[in-house]
Amino acid sequence: MSYTILEPEAGYTPIANVDAGVTVGTNLSSGGSAIPTPPNRPGAIVKAVDPTYGAGEFIMLAGVASTAVGSVVTYNTSSFTTALAPVGANKPQPIAIAMSANTSSSSWGWYQISGIAQAAKTSGLALADAAAVGVLTVGLIAATAAGKEVEGALTFGVSTTLKLVKLVINRPVMQGRIT
Amino acid sequence: MSYTIIEAEAAFTPIAAVDSGLTSPVEVSSGATTTYPTPPNKLGMIVRAVDPTYGLGEFIFLAGVASTAVGSVVTYNNTSFLTTLAPAGSNLPQPIAIAMSANTAATTFGWYQISGVAQAAKTSGLALASAAAVGVKTAGLIAASGTGKEIEGALTCAKSTTLKLVQLVINRPRMQGRIT
């Protein structure tokens with residue numbers, strides 16, 4: 001993957017990089033808080049294009065321990081922090097695919113939310129073409145299962161690497177209520 | 001519909017037009033050529049556009065498929081961003097989009113609506129209520145919702161007033177997935 005950002009504003013962190021952020025509001029009692037290096041902003045969504053995979057959308061989020069390229073994460077707090085996506089439990093939360101090994105809540109990176117994504121899966125797991133997928137292990141794509149499906153995502157092509165699978169995604173969410 | 005693109009970059013293919021693309025030079029080894037979108041269009045690109053009646057919407061740039069008409073419901077699921085007329089639902093949670101032009105070839109390109117107020121093709125004369133869920137029961141066409149065939153992220157916004165089109169409010173719609 002070699003995505004280039006297509007926004008009119010310059011200075012964004014490259015799609016595959018981690019932004020260490022800057023600290024603002026330092027004071028003696030509590031220190032400061034880390035924010036993305038401007039013009040990056042928490043929750044900002046940009047468009048980017050890859051010569052092989054075409055265009056996609058990416059959201060800027062804070063990291064979490066154990067994130068690797070392709071990790072599936074949720075983001076559900078006001079500070080745009082991530083968590084490795086838990087095993088599905090009929091909770092319809094938005095998810096995204098990590099573009100970098102962004103492993104700290106005080107660093108920032110891009111996460112894919114539309115286009116053609118390379119998502120992490122259990123090593124060696126076989127997944128069929130044009131198949132629904134789910135999250136059965138924290139942070140990893142697997143075959144679909146009851147209450148654990150990813151909605152707005154489908155495989156294409158049989159997975160050709162041990163640890164990644166290609167998905168076409170459009171603002172994916174975990175499966176919600178079934179009643 | 002008269003959507004105008006409002007991105008900072010200029011010269012995109014108009015929303016309701018088909019881009020016949022550009023052809024790459026002949027490859028020496030295979031003698032083959034490749035057709036690609038006319039720059040600055042790019043496969044998979046999403047733009048915003050505004051219509052004086054329907055307001056703002058989002059549109060994705062995809063390759064065409066035979067039998068596409070304005071309003072056709074399509075899926076897109078491979079590396080070339082090729083479309084397929086959306087098959088009858090079968091609990092497969094794939095993204096869908098609504099064609100803005102009669103983009104009928106895999107070597108031509110066009111815009112497909114993914115958010116806003118869309119005019120979607122339906123079975124001619126089919127009655128659909130206002131504020132109702134819809135589904136796909138016939139390839140490429142909107143119908144009433146059905147078991148395993150519903151479109152998630154879409155609702156009719158008025159009773160259908162034309163024989164062949166229905167207005168939907170959509171937001172990144174997808175076919176219904178698992179129900180277990």
Side-chain angles (χ1 to χ4, degrees), chain A residues 1 3-4 6-10 45-58 88 90 92 94 112-118 128-134 143-157 160 166-179, chain B residues 6-10 12 34 36-37 39-48 58-63 74-84 86-87 89-97 109 111-115 148 150-154 170-180:
Chain A
M1 292 178 289
Y3 280 100
T4 304
L6 288 175
E7 299 295 327
E9 199 171 8
I45 293 173
V46 299
K47 289 177 274 193
V49 65
D50 178 275
T52 301
Y53 300 112
E57 291 177 309
F58 302 82
N90 293 111
Q112 191 161 2
I113 51 175
S114 82
I116 297 192
Q118 318 281 312
D129 181 29
V133 295
T144 182
K148 299 173 174 57
E149 187 161 274
V150 177
E151 309 295 348
L154 209 67
T155 63
F156 62 85
T160 54
K166 283 187 217 173
L167 302 176
V168 58
I169 60 173
N170 196 344
R171 309 283 178 119
V173 296
M174 292 303 299
Q175 181 181 354
R177 288 183 72 97
I178 55 169
T179 59
Chain B
I6 54 170
E7 297 295 329
E9 200 170 5
F12 287 113
T34 304
Y36 58 91
N41 301 302
K42 296 171 185 74
L43 285 168
M45 167 165 270
I46 293 171
V47 299
R48 292 166 298 168
E58 290 178 305
F59 302 82
I60 185 169
F61 201 70
L62 302 169
V74 304
T75 62
Y76 54 102
N77 58 2
N78 59 44
T79 50
S80 312
F81 287 98
L82 289 170
T83 53
T84 304
S90 58
N91 293 113
L92 204 56
Q94 55 197 335
I96 60 171
F109 310 94
W111 297 105
Y112 295 73
Q113 191 161 2
I114 53 174
S115 82
E150 188 161 278
I151 297 175
E152 310 296 349
I170 61 173
N171 193 349
R172 309 285 178 126
R174 57 183 65 99
M175 295 304 299
Q176 181 181 355
R178 291 186 73 97
I179 55 171
T180 59

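Quick note: numbers below take in every heavy atom, side chains included, and nothing from hydrogens, waters or symmetry partners. Residue numbers begin at 1 in each chain, while the letters A, B, ... track the order of the sequences.
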**Student:** Can you give me the closest heavy-atom contact between A:Tyr53 and A:Gln118, atom names plus distance?
**Tutor:**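 Of all heavy-atom pairs spanning A:Tyr53 and A:Gln118, the closest is CZ-NE2, 3.3 Å.
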
**Student:** Would you mind checking which part of B:Tyr76 comes under 4.5 Å of any heavy atom in chain A, side chain (CB onward), backbone (N, CA, C, O), both or neither?
**Tutor:**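 Both parts, heavy atoms under 4.5 Å.
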
**Student:** Could you check which of A:Gln175, A:Glu7, A:Arg177, A:Lys148 has the highest count of heavy-atom pairs closer than 4.5 Å to chain B?
**Tutor:**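 Ranked by contacts with chain B, first place is A:Gln175.
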
**Student:** Can you tell me which portion of A:Ser114 sits under 4.5 Å from chain B's heavy atoms? Options are side chain, backbone, both or neither.
**Tutor:**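 It is the side chain, since no backbone atom gets that close.
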
**Student:** If I measure from the heavy atoms of chain A, does B:Glu7 come under 4.5 Å with its side chain, its backbone, both, or neither?
**Tutor:**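 Interface part for B:Glu7: side chain.
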
**Student:** Report yes or no: does A:Lys47 contribute a side-chain atom to a donor-acceptor pair with the main-chain N or O of A:Ala55 at less than 3.5 Å?
**Tutor:**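 Not at all, since once roles are kept as given, no pair shorter than 3.5 Å links the two residues.
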
**Student:** Mind ranking B:Pro93, B:Pro95, B:Gly44, B:Gly177 by heavy-atom pairs under 4.5 Å with chain A and telling me who comes out on top?
**Tutor:**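 Top option by heavy-atom pairs under 4.5 Å: B:Pro93.
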
**Student:** Name the region of B:Ile46, side chain, backbone, both or neither, that has any atom closer than 4.5 Å to a heavy atom of chain A.
**Tutor:**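 Both the backbone and the side chain of B:Ile46 come within 4.5 Å of chain A.
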
**Student:** Which bit of A:Val133 comes within less than 4.5 Å of chain B, counting heavy atoms only: side chain, backbone, both or neither?
**Tutor:**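 Interface part for A:Val133: neither.
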
**Student:** Over all heavy atoms of both residues, which pair between B:Ala63 and B:Tyr112 is shortest? Give the atoms and the distance, please.
**Tutor:**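 Nearest heavy atoms, B:Ala63 then B:Tyr112: O-OH, 3.8 Å.
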
**Student:** Side chain from CB out, backbone as N, CA, C, O: work out which of these in B:Ile114 comes under 4.5 Å of a heavy atom of chain A, or both, or neither.
**Tutor:**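 Contact with chain A is through the side chain of B:Ile114 alone.
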
**Student:** Closer than 3.5 angstrom, by distance alone: can the side chain of B:Thr180 be matched with the main-chain N or O of A:Ala146 as a donor-acceptor pair?
**Tutor:**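 Not a single qualifying donor-acceptor pair exists.
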
**Student:** Test B:Glu58 against B:Val47 for side chain to side chain contact (heavy atoms under 4.5 Å, CB included), laying out the working first.
**Tutor:** CA-CA 6 Å; B:Glu58 290 178 305; B:Val47 299; over 6 Å; no

**Student:** Identify the two heavy atoms, one from B:Ile60 and one from B:Ala97, that lie closest to each other, and give their separation to 0.1 Å.
**Tutor:**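 Heavy-atom minimum between the residues: CG2-CB, 4.4 Å.
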
**Student:** Tell me whether the rings of B:Phe61 and B:Phe109 are parallel (<30°), tilted (30 to 60°) or perpendicular (>60°).
**Tutor:**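 Ring orientation, 0 to 90° scale: parallel.
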
**Student:** Where does A:Ala132 contact chain B at under 4.5 Å (heavy atoms): side chain, backbone, both or neither?
**Tutor:**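 A:Ala132 touches chain B through backbone and side-chain heavy atoms alike.
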
**Student:** Quick check for you: among B:Thr75, B:Asn171, B:Leu43, which has the greatest number of heavy-atom pairs under 4.5 Å with chain A?
**Tutor:**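 Of B:Thr75, B:Asn171, B:Leu43, B:Leu43 has the most heavy-atom pairs under 4.5 Å with chain A.
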
